[in-house]
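Have a look at the structure below, then the notes.
We name chains A, B, ... by the order of the sequence lines, and we start the count at 1 in each one.
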Protein chains: 2
Amino acid sequence: MKMMPNDLMTIRQMCDAFDVTPRTLRFYEAKELLFPQRDGTRRLFTRRDRARLTLILRGKRFGFSLEDIRQILDLYDRDGSNHAQTIRTYELAQQRLAQMEAQRAELDLAIADLKAELDAGEAMIATLRRAAE
Amino acid sequence: MKMMPNDLMTIRQMCDAFDVTPRTLRFYEAKELLFPQRDGTRRLFTRRDRARLTLILRGKRFGFSLEDIRQILDLYDRDGSNHAQTIRTYELAQQRLAQMEAQRAELDLAIADLKAELDAGEAMIATLRRAAE
DNA sequence: AGAGTGCTTTACGTTAACGTCAGTGTAACG
DNA sequence: CGTTACACTGACGTTAACGTAAAGCACTCT
């Protein structure tokens, strides 16, 4: 067991902690979502990186694209106490929420339609079964 | 206005009727979802093509991939009266329905979570507003 | 010293469903 | 016969979020 200075984690430790692949972490770094320090060539992820990764993964669950997430993260980075930016993020989230609810409405419709088709199909299958006797 | 023999339609008529692009129809033909006749090099879509296209578009609304749709269509093509194939299609639809309902459940969760975050954000913004006075 | 492990970079591959040229043809109108 | 309007066939481009080699350091164990 090698000890990392308290709040620094290797790529593997990050992968285990967050259940992601190394490729993903490097990808996020390339996309400027994370900014790990270096020990020579090796990445060392800070507490800040972990906080950001937590937000990234949460954002993904909400269906935000990585680009959306990057922008939101950057807003807070530039000025964590700026009201306008907090409000902007809030608005983005609201928009996304509206999208998600629209999406659910469509999905509900499709489900209802498909169920109707299935009922018809079931009836047809029953008919076929009777005819087969 | 040019008259097409009763049940034959040009690519443009199809596009207008179904609200798709020519590229889409050619793509579906390449994927063996449609089989328009030819008048020289030009495509002429039959009643059968229209029936298939209707099913294709419906299938898409249900979230089936084009490959799924092609298989289903082919099943019916080979033998429209085969019970086993009707039942197979029915099962595919049921599986898809289960997926869609699972997807909706996840979506509902994400919506609930995001709403919770929004409520917190709203509170924070209210705080910021008070502090700004 | 050799073997093994883990990390690194670089860069091409994947998937779906088309979009978007580029270049050519052809049919009809005036 | 020239122009306009469509249609046709390739074939490469697009988007997102990584996956998957390939090839090479750096360290450690033995």
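- Going from atom CD1 of A:Ile56 over to atom P of D:dA16 covers 16 Å, rounded to whole Å.
- D:dC18 atom P lies 14 Å from atom CD of A:Glu67, rounded to whole Å.
- With a 4.5 Å cut-off on side-chain heavy atoms, A:Arg52 and A:Phe35 count as touching.
- D:dC18 atom C1' lies 14 Å from atom CG of A:Leu57, rounded to whole Å.
- Within residues 19-38 of chain A, the residues having any heavy atom closer than 4.0 Å to DNA chain C are, in order of number, A:Arg23, A:Arg26, A:Arg38.
- D:dA7 atom P lies 7 Å from atom CD1 of B:Ile11, rounded to whole Å.
- Note on residues 15-28 of chain A: pairs passing salt bridge (charged side-chain N to carboxylate O under 4.0 Å, His left out), not counting sequence neighbours, are A:Arg12-A:Asp16.
- In terms of the side chain to side chain donor-acceptor pair (under 3.5 Å) criterion, residue partners of B:Gln99 (sequence neighbours excluded) are, by chain and number, B:Arg96.
- For the pair B:Leu34/B:Ile56, a side-chain contact is recorded, criterion being any heavy-atom separation below 4.5 Å from C-beta on.
- Looking at residues two or more places apart in sequence or on another chain, you find a side chain to side chain donor-acceptor pair (under 3.5 Å) between B:Arg48 and B:Asp77.
- In this structure, CE of B:Met14 is placed 17 Å from C1' of D:dC8, rounded to the nearest angstrom.
- One can place CG of A:Asp39 at 17 Å from P of C:dG6, the figure rounded to the nearest angstrom.
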Please output the side-chain donor-acceptor pairs of residues 102-119 of chain A that fall under 3.5 Å, not counting sequence neighbours, one pair per line with the distance.
unit_1   : atom_1 : unit_2   : atom_2 : d
A:Arg104 : NH1    : B:Asp108 : OD1    : 2.8
A:Asp108 : OD1    : B:Arg104 : NH1    : 2.6
A:Asp113 : OD2    : B:Arg61  : NH2    : 2.6
A:Lys115 : NZ     : B:Glu101 : OE2    : 3.2
A:Glu117 : OE2    : B:Arg58  : NH1    : 3.2

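- Inter-residue side-chain proximity for A:Leu66 and A:Leu33 is flagged as met; some heavy-atom pair is nearer than 4.5 Å.
- Here C:dA16 presents its P atom at 12 Å from CZ of B:Arg70, a figure rounded to the nearest Å.
- Here C:dA17 presents its C1' atom at 6 Å from NZ of B:Lys60, a figure rounded to the nearest Å.
- A donor-acceptor distance shorter than 3.5 angstrom exists from the side chain of A:Gln13 to the backbone of A:Thr10, with no hydrogens or angles considered.
- Of the candidates C:dT8, D:dC18, D:dA7, C:dT8 carries the atom nearest the A:Arg42 side chain, counting heavy atoms from C-beta on.
- The pair A:Arg38-A:Glu29 meets the salt-bridge criterion, since a charged nitrogen lies less than 4.0 angstrom from a carboxylate oxygen.
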Using a cut-off of under 3.5 Å, enumerate the N/O to N/O pairs linking the protein to nucleotides 21-24 of chain C.
none

